[in-house]
Amino acid sequence: APSSHASGNLNNYKDEGRYSVVQGSGDVSNLPDGAYGYGNLIVMRSRACVTQIYTPHFTGQGGEQRFLYIRVSLDDNWVNWYKAQLQ
């Protein structure tokens, strides 16, 4: 299925799917701190547990360092984004 455009508060994205994030006008909140504001958001859900994975298009450093951001919500309580570097 084609991805949808994510806007507003990413905390509200709890339905499974793929979303395109475009932070051009500052309309997206709760992105990972310091992350490039254009990328893909993947949402997975199992009952009250929601997992979000965010992959920015690049890091703003020529793309030589790639990062993956993951966070989980249980009963609508989001933890902080976890930042993993991809080798």
Side-chain angles (χ1 to χ4, degrees):
S3 60
S4 302
H5 177 74
S7 62
N9 188 344
L10 294 186
N11 289 357
N12 296 331
Y13 285 80
K14 302 171 192 170
D15 292 331
E16 289 199 358
R18 295 179 295 132
Y19 304 92
S20 177
V21 175
V22 178
Q23 179 64 348
S25 61
D27 64 339
V28 179
S29 61
N30 286 307
L31 274 169
D33 286 341
Y36 186 65
Y38 296 81
N40 297 305
L41 179 71
I42 299 168
V43 180
M44 298 175 289
R45 183 181 189 115
S46 176
R47 298 183 188 251
C49 180
V50 178
T51 301
Q52 289 184 341
I53 300 171
Y54 177 66
T55 56
H57 292 164
F58 81 111
T59 64
Q61 300 163 358
E64 69 271 21
Q65 293 182 350
R66 299 289 303 206
F67 295 101
L68 176 75
Y69 299 86
I70 302 171
R71 69 176 181 163
V72 175
S73 168
L74 181 62
D75 294 325
D76 291 327
N77 295 308
W78 288 102
V79 300
N80 291 331
W81 285 99
Y82 173 78
K83 179 180 180 180
Q85 183 168 356
L86 304 179
Q87 298 296 330

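Side chains included, hydrogens not; waters and symmetry mates left out as well; all remaining heavy atoms used. A quick note: this is a predicted structure, and the numbers were derived from the prediction, not measured.
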Closest non-hydrogen atom pair, [X] against [Y]:
{"X": "Val21", "Y": "Ala6", "result": "CG2-CB, 4.1 Å"}
{"X": "Val43", "Y": "Gln52", "result": "CG2-CG, 4.2 Å"}
{"X": "Arg45", "Y": "Arg47", "result": "NE-O, 2.8 Å"}
{"X": "His5", "Y": "Tyr13", "result": "O-OH, 3.9 Å"}
{"X": "Trp81", "Y": "Leu41", "result": "CH2-CD1, 4.1 Å"}
{"X": "Tyr54", "Y": "Gly39", "result": "OH-N, 3.5 Å"}

To the nearest 0.5 Å, what is the distance between OG1 (Thr55) and CZ (Phe67)?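 Answer rounded to 0.5 Å: 13.5 Å.
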Rounded distance [0.5 Å steps], CD in Gln85 versus CG in Leu68: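 The CD atom of Gln85 sits 11.5 Å away from the CG atom of Leu68.
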State yes or no: do Ile70 and Met44 share one hydrophobic cluster built from I, L, V, M, F, W and Y residues joined by side-chain heavy-atom distances below 4.5 Å, directly or via other members?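 Yes, one cluster joins them.
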Is it possible for you to say whether Val22 and Tyr36 belong to one hydrophobic cluster, with membership spreading through side-chain heavy-atom contacts below 4.5 Å?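 The answer is yes; both residues are in one hydrophobic cluster.
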Check Val50, Leu10, Asn30 against Trp78 for a side chain to side chain contact (heavy atoms under 4.5 Å, CB included) and give me the one that passes.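 Result for side chain to side chain contact (heavy atoms under 4.5 Å, CB included) with Trp78: Val50.
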With no hydrogens and no angle check, is any side-chain donor or acceptor of Gln23 less than 3.5 Å from a backbone partner on Leu31?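 No: the side chain of Gln23 does not pair with the backbone of Leu31.
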Looking at Asp33 and Lys83, is any side-chain nitrogen of the basic one under 4.0 Å from a carboxylate oxygen of the acidic one?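 The answer is no: the pair does not qualify as a salt bridge.
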